[in-house]
Amino acid sequence: MISKTNRKIRVVKVWLLLFIVALLPLLFGSTKNMPEVEAQGQTRLVLAFYYAWYSPGSFGPGLTPFQPVTPYFSTDTGTIQRHVNEAQSAGIDGFVQSWYGPETVNNQTEPNFQALLNIASAVGFKAAVDFETASPFFASNDDRINALRALLSTHANHPAYLRVDGKPVIFFWANWILSPAEWVTIRTSVDPDRNSIWIAEGGDTTYLDAFDGLHLYNIAWSGNPAGTAATWAANTRAAAATYGGYKYWVGTAMPGWNADLVGSSTAPRDRANGDFYRSTFGGAASSSPDMLIITSFNEWKEGSQIEPSVEYGNFYLQLTAELSAAYKNGSIAAPPPPTALPTVDPNIPPTATFTPGPSPTPGPPTMTPSPLPSPTPLASPTAQPDGRILYTVQPNDTLITLAGQFDVTLEDLYGWNNLLPNSLLSVGQTLIIGYTVLPDGSTPLAGFPDARVKPDGQIVHVVNSGDTLLLIASIYGLTLDELYEISGLAEGALLQLGQEVVVGSRPRPTTIGGSSEDPEAGLRVAEETVLVLPTGEATAVASFTPAPTNTAIVPPTIVATATETAVPPAAEVAAVATPLTAVPQPDPAARTSSLLWLLVGAVALLLVASAALILVARRR
């Protein structure tokens, strides 16, 4: 017969077992509500833009600034295999290939992309499409809609197609030839449930109503690549508050640039023995991108390729391998701005230029596209002494395309030029596309399209559609309380379109030497300029010199980059702005440590409870 004591001990054991079973979900189920180690996006993928429209006749003096070791046909599967192998050896995870649509007659980008996917699949490589909005095969938006539907129903389902967060990724080139509203219509027709990820090109965040993220294809114009990446990463992240959803930022790395042979408006950027590549790669990495993309693997006509060349051999592939490995293991740092600066003002973003179309292929293989007409080089805007920035209308210009190219609104173009929506443009007509000094005497603030610096040094944000107090605060690195204090607005104040909200101040620089009557004295500034921060403290930044009035200066809403100062560009406003991230990224080690302590505590609690229950049972 079982004694009364033993029976009580068994009862205690049963209760202990039930207690443990009940506690386990609390211990391990609690991790479900903890943030993931990786934020949405944050893939550490390294991609490269890839072009598949070459023939041996595409290369040579007068055609490309550098030459491949062996000229090739892009239709040759052996060449595609070699490119994939070279890219993988350099730590590149996938190609983003320019694509003219699903047409197969005179369009080798389609069959070549099919071949790329099949070759990539065999070795674990990835491939995605860079959708060429201005493809010669697209005569209307209906053509673009049909092409995107075909892409999503075919290639996007291939096992080698690039997917992020479980969705196929599509990059877009020249999306700015259509208005944001047109893209909303296209997206609604093609992918209303947002089952794919669309990445637009450029810095105009109004496109993020239809798109899921941004990248800057060309950053050769930037004198401070790290500042450029940080500024536009923050702008992209902040747009999520306006348009909803997660907004992906894709940082760009470039080895150099030389597109003089195709009439580019961007001045050549010397490679500086790899220093510019190191600077752009490190700058892109430091902006916490969701993906990092290289411009480019083989854009030979624009001189941005890293594919082995006669001039550099394998140097840039080897350098890519070093930089990719450092980025993926988290050891890469943002280097200082390169010493070899471009020959034009690095803070003036270039006007958009089209990627040259495919060259005709002599003889086999077939399926070679017809040569495309060369785009007319965009006339450079010219700043006037009165602050206006003028542009001369070129053939085929429309108000919509100009608004996209210069990142201004149609309403501004109408207002500045006394035009109506149905106004027609004529070649040679002069348009105002922005101001270096606005009519009220204020000036645009580099890196902040909606910010103006008043003559008295106050920095104001001009309220735009969709702005909220929280969004404005995040753009300038402020808390809501700081914004209320600086702006003088009451908590919960309503905003009006066009309202100017004070977000900081920048005292006017003091002159050095000379009399007040010296007309040149105003161009000389002190070595340090003191900026007022929201806390009332002051900080010193490197001096700046206003540009002469005969220099083409970026209009108020054209994509701008951070200037080369001792602190990030947002320090020129009320506080230092840091790149915004949509989801916090906890330290994995800290998370593991917390779980271990939780488990240790639970075990200790179980032991104490067991001992107490056994003691009670024995006493009875």
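Residue numbers start at 1 and run along the sequence shown. Side chains are part of it too, since the values below use all heavy atoms of this structure and drop only hydrogens, waters and symmetry mates.
Annotation for W176 and E201: closest pair NE1-OE1, 2.9 Å, computed over non-hydrogen atoms. Shown here for T252 and I219, the closest heavy-atom pair between the two residues is O-CD1, 3.2 Å. The minimum heavy-atom distance between E103 and E110, with the atom names listed, is O-CB, 3.6 Å. Nearest heavy-atom pair across S121 and P159 is OG-CG, 4.0 Å. Contact between A120 and A160 at its shortest, heavy atoms only, is CB-CB, 4.1 Å. Across all their heavy atoms, W232 and L216 have their closest contact at CD1-CD1, 3.8 Å.
In this model, a donor atom of one side chain and an acceptor atom of the other lie less than 3.5 Å apart for Y248 and D165. Side chain to side chain, S304 and E299 fail the donor-acceptor criterion of an N or O pair below 3.5 Å. Side chains of E302 and W257: no donor on one and acceptor on the other come within 3.5 Å. In summary, the side chains of D191 and S196 do present a donor paired with an acceptor at a separation below 3.5 Å, with no hydrogens or angles considered.
You'll find the side chain of W198 reaches within 4.5 Å of the side chain of L148, heavy atoms only. Under the 4.5 Å side-chain criterion, counting only non-hydrogen atoms from C-beta, P168 is in contact with L152. No side-chain heavy atom of D270 sits under 4.5 Å from any side-chain heavy atom of F276. In this structure the side chain of S189 reaches within 4.5 angstrom of the side chain of I145, judged on heavy atoms. Residues T75 and P111 are not in side-chain contact: their nearest non-hydrogen atoms beyond the backbone lie 4.5 Å or more apart. A 4.5 Å side-chain heavy-atom check between N218 and T295 finds every atom pair outside the cut-off. In this structure, the side chains of L319 and F281 stay at 4.5 Å or more apart for every pair of heavy atoms. Within the 4.5 Å cutoff, the side chain of R163 has no heavy atoms near those of the K126 side chain.
For Y243 (side chain) and Y207 (main-chain N/O), no donor-acceptor pair under 3.5 Å exists by modelled atom type. A donor-acceptor distance shorter than 3.5 angstrom exists from the side chain of N298 to the backbone of Y51, with no hydrogens or angles considered. Here the side chain of S324 pairs no donor or acceptor atom with the backbone of A321 at under 3.5 angstrom. Remark: side-chain polar atoms of Y277 are not paired, donor with acceptor, to backbone N or O of A272 under 3.5 angstrom. When atom types are taken as modelled, the side chain of R44 and the backbone of N329 share no donor-acceptor pair closer than 3.5 angstrom. A donor-acceptor pair is defined here as one N or O able to donate and one able to accept, closer than 3.5 Å; no such pair exists between the side chain of S474 and the backbone of A238. A distance-only check finds no donor-acceptor pair linking the side chain of S279 to the backbone of D275 [under 3.5 Å]. Judged by distance alone, with hydrogens and angles left aside, the side-chain atoms of S309 form no donor-acceptor pair with the main-chain N or O of Q67 at under 3.5 Å. Judged by distance alone, with hydrogens and angles left aside, the side-chain atoms of D193 form no donor-acceptor pair with the main-chain N or O of N195 at under 3.5 Å. Remark: side-chain polar atoms of K247 are paired, donor with acceptor, to backbone N or O of L208 under 3.5 angstrom.
R278 has no carboxylate O lying under 4.0 Å from a charged side-chain N of E322, or vice versa, which leaves the two without a salt bridge. For D290 and R237, the salt-bridge test passes: some basic side-chain N is under 4.0 Å from an acidic carboxylate O.
The distance from the CZ atom of R187 to the CG atom of D209 is 10.5 Å, given to the nearest 0.5 Å. Note that the OG atom of S296 and the CZ atom of F49 stand 9.0 Å from one another [nearest 0.5 Å]. Rounding to the nearest 0.5 angstrom, the gap separating the CD1 atom in I119 from the CD1 atom in I80 is 4.5 Å. Atom-to-atom distance recorded for Q305:CD and N258:CG is 9.5 Å, nearest 0.5 angstrom. Separating the OG atom in S287 from the CG atom in L292 is a distance of 7.5 Å, to the nearest 0.5 Å.
Ring planes of W183 and F172: perpendicular class, angle over 60° (limits at 30 and 60°). Using the six-membered ring where Trp is involved, H215 and F171 have ring planes that are perpendicular, over 60° apart on the 30 and 60° scheme.
Partners of Y50 under the ring pair (Phe, Tyr, Trp, His ring centres under 6.0 Å) rule, at least two apart in sequence or in another chain, are H83, F95. In this structure, the side-chain hydrogen bond (donor to acceptor under 3.5 Å, both in side chains) partners of T401, at least two apart in sequence or on a different chain, are T398. For A200, the side chain to side chain contact (heavy atoms under 4.5 Å, CB included) partners two or more places apart in sequence, or in a different chain, are N175, F211, L214. Under the rule for a side chain to side chain contact (heavy atoms under 4.5 Å, CB included), the partners of T242 that lie at least two apart in sequence or sit in another chain are L471.
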- Item | From CA spacing to verdict: side-chain hydrogen bond (donor to acceptor under 3.5 Å, both in side chains), W300, S58 | CA-CA 9 Å; W300 288 93; S58 304; over 6 Å; no

- Task: Show the numbers, then the answer: is there a side chain to side chain contact (heavy atoms under 4.5 Å, CB included) between L178 and I186?
- Result: CA-CA 10 Å; L178 303 179; I186 292 173; 3.8 Å; yes

- Message: Test side chain to side chain contact (heavy atoms under 4.5 Å, CB included) on Y312 and L317; report intermediate values, then the result.
- Response: CA-CA 10 Å; Y312 297 109; L317 276 185; over 6 Å; no

- Query: For Q81 and N85, what are the C-alpha separation, side-chain angles and deciding distance, and is it a side-chain hydrogen bond (donor to acceptor under 3.5 Å, both in side chains)?
  - Reply: CA-CA 6 Å; Q81 180 71 69; N85 292 343; 3.1 Å; yes

- Could you walk me through whether F73 and T79 pass the side chain to side chain contact (heavy atoms under 4.5 Å, CB included) test, one step at a time? CA-CA 7 Å; F73 287 102; T79 294; 5.9 Å; no

- Query: Can you check side-chain hydrogen bond (donor to acceptor under 3.5 Å, both in side chains) on N314 and Q318, steps first, answer last?
  - Reply: CA-CA 6 Å; N314 291 330; Q318 294 168 350; over 6 Å; no

- Task: Given side-chain hydrogen bond (donor to acceptor under 3.5 Å, both in side chains), test S98 with E132 step by step and report yes or no.
- Result: CA-CA 6 Å; S98 284; E132 295 271 350; 2.8 Å; yes

- In sequence, state the C-alpha distance, the side-chain angles, and the governing distance for F131 and F138, and then conclude on ring pair (Phe, Tyr, Trp, His ring centres under 6.0 Å). CA-CA 11 Å; F131 187 84; F138 302 153; 5.1 Å; yes

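Legend: side-chain hydrogen bond (donor to acceptor under 3.5 Å, both in side chains) pairs involving residues 140-149, not counting sequence neighbours, sorted by first then second residue: N141-R144, N141-E182. Residue pairs meeting the side-chain hydrogen bond (donor to acceptor under 3.5 Å, both in side chains) criterion with at least one member in residues 87-97, sequence neighbours excluded, are D93-K328.
Between F113 and H158, the ring center distance fails the sub-6.0 Å criterion.
A cation-pi contact, defined as under 6.0 Å to the ring centre and within 45° of the axis, is absent between R271 and F315.
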